[in-house]
Amino acid sequence: MELPADFKQKYTTLLGETEAKQFFDGFDRESRHGFRINPLKENVDYSEIVDTDSPAEHSEFGYFGKVDGKSVSHQAGLVYSQEPSAMFVGEVAHPNPGERVLDLCAAPGGKTTHLGSFMRNQGILVANEINSKRASVLAENVERFSLRNAVITNTTPEKIAQTFPEYFDKVLVDAPCSGEGMFRKDPAAMDYWSLDYPEQCTKRQRDILTEAYKVIKPGGQLIYSTCTFAPEEDEEIISWLLENFDLTIEPIKKFSGMDDGRPEWGNGDPSLKDCVRLFPFHFAGEGHFIAKLVKGNGDTTSKVKSFWKNKNLVRPSKDELNLYNTFLSDNHITANFDGLVVYKNLLFASNYDLPDLSKVKVVRIGMPLGEFKKGRFEPSFALGLALTAEENSQQLPITHQQWADYVHGDVFSIDQQLSKGWYQLVFAGLPVGFGKLVGQTVKNFYPKGLRFKAE
Ligand SMILES: C[S@@+](CC[C@H](N)C(=O)[O-])C[C@H]1O[C@@H](n2cnc3c(N)ncnc32)[C@H](O)[C@@H]1O
């Protein structure tokens, strides 16, 4: 691979001739692909749909291997394709069920879906993305992954800081960066690169981190990561954080092939060693830098405004509750969702412990359950993916061909005689969405914008 001459010169100075040569040779090695399994999808017959022969020791739900974007496993949220070094970020953050967690730079959702896997639908996971198109992709991935406790916002770090002062136990800043760790997989990333580019990125990283700091509870954690090797965006940024904020570095447990942070590439603080560097010539991944910091303990005086200050959100009316409960009982669904809230004619399972979100653009206020339509309740696609076999006995196993018809938007027939109603279609135990059975025809409710031709 033809690396930029300035890049080679810079890293030859930083690493010395011998190590720099190994570093550059690493870009010519073949990339190893990876994916994570979604632990929230239960009762799945893995042998039929995904190859889990090569687990990754450094990431609890991680595997080596390639997943096709048009496969059932990807489309129905059983897996998330993620390169092996990126899947160490969520592992370092490792939130617990019940915590309040923010993923500040979240799209397309690689880390968000990982954080949600650890949280097991308990607590609050706010996933924010500043770019609206990317926020939509984030919402799709969160929906596929069936994260019930995720709120998706599309706003700036400043607005997040105003809305959630000292609110979160853990904050992840997976920062926009110069992307040197993308060069191997996507050589076009080199076109953006220049000797000055890392320095330019640091300004934006400092601005984002200044806001991120404000939303961490005293004693809470900040996880910072980049997919670049540039010291300006890695050790230098952490040095700046240590010098300007009440933060200390927490050691990260390292696995084989992972390098220490380099104090001499920052301000010399020995604790920078406790950060982690993933270099492709030592570790089977594209490259990452990760730091974990803890905010000092102190009293908090900050208060957030109540969820119900937002006048657009209301509790479901008696009639709406009736429609929803009738839908559940008619279709043998026993799932129990808390935090019911209505926005326009949409019903969500949210969390009343959230603050007033009226100053930020909310993409989804929680898990979409469905929509009230002229005297009836129609379930969401997200609900069709999320319900487990225990929560919904009305499941209809389908073949791969029927799944292909379904995602293409076609109706299909079944041989059985079953009572009419909403059925959760399942392939190899994996729910793929709802269909409405009338006679022996399954009417298609696969979202129009997601339809595609499966191979
Ligand atoms: C490295 S990517 C995030 C990848 C994501 N965490 C994942 O694992 O899928 C960085 C994100 O930061 C967003 N971003 C760019 N400028 C930003 C800013 N000034 N404030 C906050 N986010 C920003 C980008 O749109 C991009 O989606």
Side-chain angles (χ1 to χ4, degrees), residues 34-36 38 59 61-62 67 69 74 77 79-93 95 101-118 125-145 147 150 152-164 170-183 185-186 189 192 197-198 200-215 222-230 233-234 237 278 285-291 360-361 363:
F35 64 89
R36 293 187 340 266
N38 182 353
S59 188
F61 313 113
V67 174
H74 168 76
V79 298
Y80 193 100
S81 183
Q82 191 176 42
E83 67 88 12
S85 48
M87 66 173 74
F88 193 53
V89 177
E91 190 70 31
V92 169
V101 179
L102 170 68
D103 186 356
L104 186 54
C105 310
K111 317 291 180 325
T112 302
T113 50
H114 201 180
L115 300 173
S117 299
F118 287 113
L125 174 56
V126 176
N128 179 65
E129 168 56 42
I130 196 167
N131 175 302
S132 63
K133 274 200 187 137
R134 289 174 64 82
S136 305
V137 179
L138 170 67
E140 276 171 26
N141 283 325
V142 163
E143 211 147 280
R144 281 198 185 100
F145 241 62
L147 304 185
I152 300 176
T153 56
N154 168 212
T155 192
T156 60
E158 289 77 8
K159 287 238 171 85
I160 289 286
Q162 285 156 18
T163 305
F164 295 95
K170 284 187 177 142
V171 173
L172 169 62
V173 175
D174 187 33
C177 67
S178 59
E180 295 168 356
M182 292 289 110
F183 286 3
K185 248 176 58 177
D186 176 18
Y192 297 97
Y197 190 34
Q200 290 162 19
C201 292
T202 61
K203 156 91 177 81
R204 184 164 57 172
Q205 287 152 356
R206 287 181 185 200
D207 289 348
I208 295 173
L209 286 164
T210 301
E211 302 307 318
Y213 180 78
K214 298 175 187 167
V215 301
L222 169 68
I223 293 88
Y224 174 77
S225 57
T226 69
C227 61
T228 198
F229 309 108
E233 302 171 68
D234 295 342
I237 281 282
L278 306 182
E286 299 310 299
H288 250 75
F289 172 87
I290 312 168
V360 300
K361 187 168 156 206
V363 182

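As the structure lists them, so they are numbered: ligands from 1, and atoms in each ligand from 1. All values below come from the heavy atoms of this structure, side chains included, with hydrogens, waters and symmetry mates left out.
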Using distance alone, determine whether [X] and ligand 1 share an N or O pair under 3.5 Å.
X      : answer
Cys105 : yes
Glu129 : yes
Asp174 : yes

Closest to atom 18 (C) of ligand 1 among protein heavy atoms sits Ile208 CD1, 3.6 Å
**Prompt:** Salt bridge check: are Asp103 and Lys111 linked by an N-O gap of less than 4.0 Å?
**Reply:** no
Candidates Ser225, Ala127, Gly110; heavy atom nearest atom 9 (O) of ligand 1 found on Gly110
Of Arg134, His114, Lys203, Lys111, the one whose closest heavy atom lies nearest atom 8 (O) of ligand 1 is Lys111
Counting from 1 in the order shown, the ligand 1 atoms closer than 4.0 Å to a non-hydrogen atom of Pro157 are 20 (N), 21 (C)
A student checking ligand 1 against Arg204 at a 4.0 Å heavy-atom cut-off should list atoms 15 (C), 16 (N), 19 (N)
Short version for Ala106: what comes under 4.0 Å of ligand 1, heavy atoms counted, is backbone
So for Ile130 against ligand 1, with non-hydrogen atoms under 4.0 Å, the contacting part is side chain
Closest non-hydrogen atoms of Arg36 and Ser117, given as atom of the first, atom of the second and distance, are NH2-OG, 4.5 Å
Taking every heavy atom of Gly116 against every heavy atom of Leu147, the minimum-distance pair comes out as CA-CD2, 3.9 Å
Using heavy atoms and a 4.0 Å limit, tell me yes or no: is Ala175 in contact with ligand 1? yes
Distance-only polar pair, side chains of Asn38 and Thr113, donor-acceptor under 3.5 Å
no
Partner of Pro157 under side-chain contact (heavy atoms from CB on, under 4.5 Å), picked from Leu102, Ile130, Val215, Asp207, is Ile130
Aromatic rings Phe61 and His114: how do their planes relate, parallel, tilted or perpendicular, breaks at 30° and 60°? perpendicular
Worksheet item: Side chain of Asn141, backbone of Gly110: donor and acceptor closer than 3.5 Å?
Response: no
